[in-house]
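As a basis for the values below, the full set of heavy atoms in this structure was taken, side chains included, without hydrogen atoms, waters or symmetry mates. Protein chains get the first letters and strands the later ones, always in sequence-line order, with residue 1 at the start of each.
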Amino acid sequence: MRNKELSNIFERIADALELKGENPFKINAYKKASRIFKELPEDIEVYYKNNTIQEIKGIGEGIAKKVKEYIETGKMHKYDEAMKGIKPEVLEMLNIPQLGPKTLKIFKDKFGVRNLQDLEIALNARELEEFPGMGKKKIENIRKGIELYRQLKGKGRRYLIGEVYPIVNRINSLLKGIGAKHRIEICGSFRRMKETVGDIDILVEGEDEDIIKKFVQFPLFERTLAAGKTKASVIEDATKIQIDLRLVPSISFGSALQYFTGSKPHNMRVREIAKSRGLKLNEYGLFKGEKQIAGTNEEGVYNALGMDWIPPEMREDRGEVELSLAHKIPRLVETSDIKGDLHIHSTYSDGNLTIEEIAEIAREMGYEYIGISDHSISAKYARGLNIETLKRKNCEIDELNKKFKGKPYILKSAEVDILSNGTLDYPDEILKSLDIVIAAVHQGFKKNVTKRIMEAMENPYVDIIAHPTGRLIGKREGYDVDIEKVINYAGETNTILEINAYYERLDLNDINARIAGEKGVMLAINTDTHSKFMFNNIIFGVGIAKRAGLVKDNILNTYPLNKMLKQLKRNG
DNA sequence: GCCGTTTTCGGCCCGACTGTTTTCAGTCG
């Protein structure tokens, strides 16, 4: 799979050309190519073999040729040419906030800056201020940018959506406290439920500039980057995440929401459509000449373009624009469709809630059923259950089921390890005695993982594979696993794959979940809960499912209890 | 470099904020 390599190469070409002051549209074409290869679900070599590289939208003759060259020779002439005279350290400096390609070029060409140390020296040079366009404040802003860059490892730093969630809640209530009475919406990648978020974009309906003034005074901010009449940018103290707030009049709120939700590629497509119909779309509305024809709400904007409203999670230019034009946007799965959580740990292993406490929380949440899936023998680090303890636990579940009278119904389950040697951590007769079994890799991440998972799927009592790739976002790459093979084999063996909703996992991710859905593989959205507050992580898993374009029927735990159990291969 | 129900050439999304300007360039999203 060389998709990622190609994505990186084209990104660096784009950066290098930017520094050289090339035609911005050409640069954009390379950036677009970089994104396309990053998100392409299929291996580029398949396109190469079928001679269909150029059929990918956004890839034309020029880039197709370069891709071919790279696949055949392992080199790309254009890349070498673009990088000529540019050190990687210089490209890296493009990640410094307030320092764009134009300014960096000046430092590079006029001051011989080749790395961050050089840059800091140059910033102190007396003759700098005499340069046209270089003033005291600009220099100071670049200094601040460097400071921020050091703290954040560059503006490319992204935050887990689950980390950002509490900050967003806090700001939301603070805004209500200062009299933001009308619509308040968080847009951007947060609204699209991306697994990571680069910054927080907030829209507030209204025209009272006092809101901006009060907003920048919130105690949780470290500094204000900008504050004008309609827009403010601040840095949050604890995380250093940037938060942008925009004040938008009612008449434009829908178009602003559409605009600031993105994604950028999605918006560009929608604007193209507007333009092709002789209309103009911006954050203030949809216009025919001078006349505004939509903008107070999002639906109105899409409808006026002959499109159906598109759920934010789908807005990545991955085919949703076409679906919308054809009025074929599906009704995606919602958190309210979830009837139970099938991956929960109790105090029997490494959870910190008793089964009874779990059942009470589940009842409050309105769940119909829960699966208590504690770890198996070999998971020593997580106090995995031996067979005797597992039996005792099952007796307790029987008792509690009498007590709770099926509200919720408690399922006997286990998260059973797929051992390094490929066998399962409990014998078949134990697996058979449970209601539902989840199998997972927790050891031997590089040892025949694909084969081991496939063997586990052959077991008639393995119903679900938990976190199938094992990645931890920003922390761990994941198993050495051929996930496409696993997805295909799940289809053949009628095994369910998990979308693990814990925000550090989100595994399967959106792209793999989409592939699974397209192949008719059933998925289960589970939280892997270990403590009370983790139940709420279900929203992140549902977000991934929506990003994958999945509907209720794709998701095992949207079915009522009996129908859900019938989906399991042990019962089919 | 990509792309085409106005085009195979001439467009390419569009605006806010800042700073250094006196009409605009750079950066950002």
I need the [atom1]-[atom2] distance between [X] and [N], as an integer number of Å.
X: K65(A); N: dG1(B); atom1: NZ; atom2: P; answer: 10 Å
X: D201(A); N: dC28(B); atom1: CG; atom2: C1'; answer: 11 Å
X: I27(A); N: dC28(B); atom1: CD1; atom2: P; answer: 14 Å
X: I53(A); N: dG1(B); atom1: CD1; atom2: P; answer: 16 Å
X: I202(A); N: dG29(B); atom1: CD1; atom2: P; answer: 15 Å
X: Y149(A); N: dC28(B); atom1: OH; atom2: P; answer: 14 Å
X: H266(A); N: dG29(B); atom1: NE2; atom2: C1'; answer: 16 Å
X: I13(A); N: dG1(B); atom1: CD1; atom2: C1'; answer: 11 Å

Under the rule syn = chi within 90° of 0, otherwise anti, which is dT7(B)?
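Syn, since the glycosidic angle lies within 90° of 0.
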Would you indicate what P101(A) reaches in the nucleic acid, counting non-hydrogen atoms under 4.0 angstrom: base, sugar-phosphate, or nothing?
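The answer is sugar-phosphate, as P101(A) gets under 4.0 Å only of primed atoms, P, OP1 or OP2.
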Pull out every protein N or O sitting under 3.5 Å from an N or O of nucleotides 2-5 of chain B, one pair per line with the distance.
unit_1	atom_1	unit_2	atom_2	d
dC2(B)	OP1	G60(A)	N	2.6
dC2(B)	OP1	G60(A)	O	3.2
dC2(B)	OP1	I63(A)	N	3.1
dC2(B)	OP2	G62(A)	N	3.0
dC3(B)	OP1	G58(A)	N	2.6

Sticking with atom [atom1], work out how far [N] lies from [M], rounded to a whole angstrom.
N: dC9(B); M: dT18(B); atom1: P; answer: 44 Å
N: dA25(B); M: dT21(B); atom1: P; answer: 13 Å
N: dC13(B); M: dC17(B); atom1: P; answer: 22 Å
N: dG1(B); M: dT8(B); atom1: C1'; answer: 14 Å

Using a 4.0 Å heavy-atom cut-off to protein, can you give one letter per nucleotide of nucleotides 10-20 of chain B, 5' to 3': B if the base is in contact, S if only the sugar-phosphate is, - if neither?
--BBBSSSSSS
